Structure formats: C-alpha cells, structure tokens
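As the structure is a prediction and not an experimental result, all values here were calculated from the model. Values below: every heavy atom of this structure, side chains too, minus hydrogens, waters and symmetry copies.
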Amino acid sequence: MSEPLVLITNQAAVRTLTLNRPQALNSFTAAMHLELRLALEAAAAEPSVRCVVLTGAGRGFCAGQDLGEPGMGADGQPSDVEGVVERFYKPLALRIRSMPVPVIARVNGVAAGAGANIALGCDLVVAARSASFIQAFSKIGLVPDGGGTWLLPRLVGRARAIGLAMTGDKLPAEEAERIGLIWRCVDDAALDEATATLAAKLAAMSCKALAATRQIIDDALPMDYADALSQEARVQGEMSRGADFAEGVAAFLAKRPALFKDR
Ligand code: T3D
C-alpha cells in the first residue's frame with residue numbers, strides 16, 4: 001500500500017495534519033489536495049478536535065503546486081491552471097479560514113508559492129528559524145494565488161506585499177516575524193515544543209469564540225468603524241448566549257480553570 005499523502009496524528013485535543021511528499025518538498029498534487037480536504041473535513045466534524053496543526057514532512061513545509069504534475073505545461077498538454085486554482089487552492093484556503101477550531105501552521109522549512117500562502121492563511125504561523133517564505137510565482141510567470149493577493153497587503157502592507165510578490169525573494173522566518181507576516185519564529189530545536197504549547201493553549205480555550213474572532217476580524221477589514229462596532233455587538237450577543245461564556249465567567253469567579261466545550 002502506498003504512503004498516505006497527509007499523515008494524521010492526535011495529541012489530546014490537537015490534530016496534526018502533515019503534508020507527506022517530502023521528496024518533492026510536499027508540493028501539491030491533485031491527490032494530496034483531495035487527502036488534505038478529507039482530513040480537514042474530518043477534523044472539522046470531530047467534536048474532540050479543538051485545534052488543528054498543519055505542517056510538512058521532511059525538510060520543507062510545502063513548495064506550492066507540483067510543477068511536474070500533468071497539465072502544468074511540462075508535458076506539452078494544454079494547462080488548466082485556472083481550473084486547478086478554482087478546484088483546489090480556493091476551496092482549501094476557504095476551508096482553513098472557516099474551520100470551527102483554530103488552525104496553526106507549523107512551518108518546518110521552506111514554504112513557497114501556494115505553500116507559503118496556505119501557511120499564511122492559517123490563524124497563527126509558527127516557523128523554525130531555518131524556514132523561509134517565498135512568493136515563487138513571479139519566477140515562473142504567474143501571479144500570487146492561494147490567497148496571497150488578499151493576505152499579503154493586509155499582513156505587511158502594500159509596499160512589502162509588492163516587493164515580496166514581484167521579486168520572489170526568499171524571506172527568512174526571522175524577518176517574516178519582524179515584519180509581522182507570521183506570529184513567531186523559534187529556534188529549530190524549539191519548534192515542536194512551541195507549537196505543542198500554543199496548540200494546547202488554544203485547544204483549552206473556547207473554540208467557538210476563537211473561530212468567531214477570526215471571522216469578525218476578517219469581516220471588519222472592509223468595514224467602517226461604526227459597522228465593525230455593530231458587528232462586535234451582534235457577535236458578542238451570540239457568544240454571550242453560549243455555554244462557554246457562562247462557564248468562563250463561573251470559572252473566573254470560582255478562581256478555577258474554565259472547561260470549555262462549545263465548538
Ligand atoms: O496550477 C497551477 O500551477 C496554479 C497554482 C500555482 C500555485 C503555485 O504554488 S505556483 C509556485 C510553484 N512553486 C514553485 O515555483 C517553487 C519551486 N521550487 C523551488 O523554487 C525550490 O524547490 C525551493 C526554493 C522551494 C527549494 O529549493 P531547494 O534548493 O531547497 O530544493 P530543491 O532541490 O529545489 O527541491 C528539492 C526537490 O523537490 C527537487 O527534486 P529532486 O531534484 O530532488 O528530485 C525539486 O525538483 C522538488 N521540488 C521542489 N519544488 C517543487 C518540486 N517538485 C515539483 N514541484 C515543485 N513545486
């Protein structure tokens with residue numbers, strides 16, 4: 001039997017999905033997309049999962065689209081890049097952004113092309129110091145995809161977004177943290193512990209509130225101040241009617257840790 005293209009492991013309430021094509025730096029094939037889609041759906045549907053970690057096997061995180069796949073131009077066949085982006089990268093980016101639990105990208109090595117932008121679309125990115133981010137698209141005559149055109153200017157501003165996307169230069173993880181592209185850069189030897197600690201912390205919090213936090217921050221971006229304040233009032237009302245809020249307040253007043261269960 002062939003190896004799974006996405007490895008699935010559980011540690012308490014944290015589910016780790018590991019892209020598993022290390023020989024090609026975990027670049028995406030249609031088959032790996034389909035396995036990842038199923039794995040994300042399964043994690044979303046499983047009530048015991050309260051945080052998802054996305055990472056890569058071997059020395060890379062993900063080198064984006066597998067450029068050797070049939071239909072990528074190298075085989076002389078007509079390419080269907082638009083179809084690939086619509087069928088695979090768009091649903092993947094949207095699925096990550098709509099997960100009912102927080103999603104952490106554990107960037108263990110190079111993240112290039114759509115691999116970089118799928119990582120950046122996760123809620124929190126923790127990267128090893130030896131890792132790097134490359135908007136590789138311009139080097140092969142493409143434009144950023146995987147959500148890059150939306151994410152990059154919002155994360156680091158237009159000047160840096162254009163600079164990264166046009167040059168396709170390698171951005172070391174340390175610099176990515178310094179400019180606000182990612183949450184944390186840690187020493188390689190500390191990556192496992194830093195990711196596990198963060199994942200366990202998020203898994204113990206109110207998933208419902210964390211998923212709603214992601215949603216209203218994204219939704220507030222094009223809003224004016226008054227509309228964002230109204231959105232906060234509406235969603236705060238929803239949250240306050242849930243069991244997690246009652247539990248959070250009760251735990252605070254009783255000076256005990258809260259036990260959140262909503263998703
Ligand atoms: O359908 C569509 O195309 C639309 C969607 C587009 C989304 C995209 O992601 S477009 C961008 C695609 N990605 C790239 O252009 C990145 C290509 N890779 C690289 O530039 C380099 O591999 C890296 C800078 C990421 C890493 O360099 P390095 O020197 O550390 O490793 P390497 O030797 O280049 O790669 C190691 C192996 O992985 C190598 O195979 P080999 O020679 O050992 O058998 C290499 O061919 C393979 N590999 C790396 N990236 C890809 C890949 N194979 C297929 N596709 C790749 N993207």
Side-chain angles (χ1 to χ4, degrees), residues 19 25-28 33 54-56 60-67 69 72-74 79-98 103-186 213-225 227-228:
L19 305 177
L25 297 181
N26 305 313
S27 52
F28 274 105
H33 268 292
L54 181 63
T55 190
F61 175 77
C62 174
Q65 173 63 34
D66 184 322
L67 298 173
E69 266 231 301
M72 284 304 115
S79 60
D80 178 24
V81 170
E82 181 177 349
V84 168
V85 175
E86 276 288 344
R87 277 198 309 280
F88 294 117
Y89 290 100
K90 180 179 170 184
L92 172 58
L94 290 174
R95 176 72 272 201
I96 289 173
R97 214 70 175 184
S98 63
V103 183
I104 298 173
R106 172 190 177 276
V107 180
N108 50 305
V110 65
N117 293 337
I118 292 301
L120 298 177
C122 294
D123 296 316
L124 291 153
V125 184
V126 182
R129 201 167 300 282
S130 65
S132 55
F133 297 82
I134 309 176
Q135 295 294 319
F137 310 91
S138 57
K139 292 188 176 159
I140 55 169
L142 291 180
V143 297
D145 65 19
T149 56
W150 191 89
L151 292 164
L152 290 170
R154 284 171 168 79
L155 289 167
V156 294
R158 184 179 184 278
R160 284 181 168 129
I162 295 270
L164 291 170
M166 284 195 176
T167 64
D169 283 349
K170 179 188 279 199
L171 185 75
E174 200 164 338
E175 181 69 357
E177 183 196 75
R178 194 188 66 76
I179 67 174
L181 189 72
I182 64 169
W183 173 243
R184 283 281 183 272
C185 162
V186 299
T213 297
R214 171 212 294 137
Q215 187 69 51
I216 67 167
I217 285 180
D218 284 352
D219 289 351
L221 286 167
M223 287 179 186
D224 66 21
Y225 194 36
D227 285 347

**Message:** Just verifying a value: how many Å separate Leu171 CG and Ser132 OG, rounded to the nearest 0.5 Å?
**Reply:** 8.0 Å
**Asked** Can Lys90 and Asp145 be counted as an ion pair, charged N to O under 4.0 angstrom?
**Response** no
**Prompt:** Closest heavy-atom contact between Val156 and Ala161?
**Reply:** CG2-N, 4.0 Å
**Request:** Output the distance between atom CG (Leu181) and atom CG (Leu152), rounded to the nearest 0.5 Å.
**Result:** 6.5 Å
**Request:** Fit a plane to each ring of Phe28 and Tyr89, take the angle between them on a 0 to 90° scale, and name the class: parallel (under 30°), tilted (30 to 60°) or perpendicular (over 60°).
**Result:** perpendicular
**Asked** For the atom pair SG (Cys62) and CG (Leu25), what is the distance rounded to the nearest 0.5 Å?
**Response** 9.0 Å
**Complete:** The reported gap from CG in Leu155 to CZ in Arg160 (rounded to nearest 0.5 angstrom) is 12.0 Å
**Request:** Assess whether atom CE of Met223 is packed by more than 12 heavy atoms of other residues, nucleotides or ligands within 6.0 Å.
**Result:** yes
**Prompt:** If we ignore angles and hydrogens, is there a donor and acceptor under 3.5 Å between the side chains of Asn117 and Gln135?
**Reply:** yes
**Message:** Please evaluate residues Trp150 and Leu120 with respect to the criterion side chain to side chain contact (heavy atoms under 4.5 Å, CB included), reporting the C-alpha separation (whole Å), side-chain torsions for both, the decisive distance (0.1 Å), and the verdict.
**Reply:** CA-CA 11 Å; Trp150 191 89; Leu120 298 177; over 6 Å; no
**Item:** Gap separating the CZ atom of Arg97 from the CZ atom of Arg214, nearest 0.5 angstrom
**Value:** 7.5 Å
**Asked** Is there a side-chain contact between Val143 and Thr149, using heavy atoms and a 4.5 Å cut-off?
**Response** no
**Prompt:** Looking only at heavy atoms, what is the nearest atom pair of Leu54 and Cys122, with distance?
**Reply:** CD2-SG, 4.3 Å
**Side-chain touch Asp80/Arg87, heavy atoms, less than 4.5 angstrom** = yes
**Complete:** Heavy-atom closest pair (Ala119 atom, Ala105 atom, distance to 0.1 Å) is O-CB, 3.7 Å
**Message:** Within the structure provided, determine whether Ile134 and Asp169 are in side-chain contact (heavy-atom separation under 4.5 Å).
**Reply:** no
**Shortest non-hydrogen contact from Val107 toward Ala131** = O-CB, 3.6 Å
**Message:** I need the minimum non-hydrogen distance between Phe133 and Ala173, along with the two atoms involved.
**Reply:** CE1-CA, 4.2 Å
**Item:** side chain to side chain contact (heavy atoms under 4.5 Å, CB included) between Ile104 and Trp183, intermediate numbers included
**Value:** CA-CA 10 Å; Ile104 298 173; Trp183 173 243; over 6 Å; no
**Request:** Looking only at non-hydrogen atoms, find the nearest pair between Phe61 and Ala111 and report the distance.
**Result:** CD2-CB, 3.9 Å
**Request:** Going by the side-chain contact (heavy atoms from CB on, under 4.5 Å) test, name the single residue among Val126, Val186, Ile182 that passes it with Glu177.
**Result:** Ile182
**Message:** Please check this pair: side chain of Asn108 against backbone of Gly56, looking for a donor-acceptor N/O pair closer than 3.5 Å.
**Reply:** yes
**Message:** Using 0.5 Å steps for rounding, measure from the CG atom of Asp227 to the CG atom of Asp219.
**Reply:** 11.5 Å
**Prompt:** Under the 3.5 angstrom rule, does the side chain of Ser138 hit a backbone N or O of Ala165 as a donor-acceptor pair?
**Reply:** yes
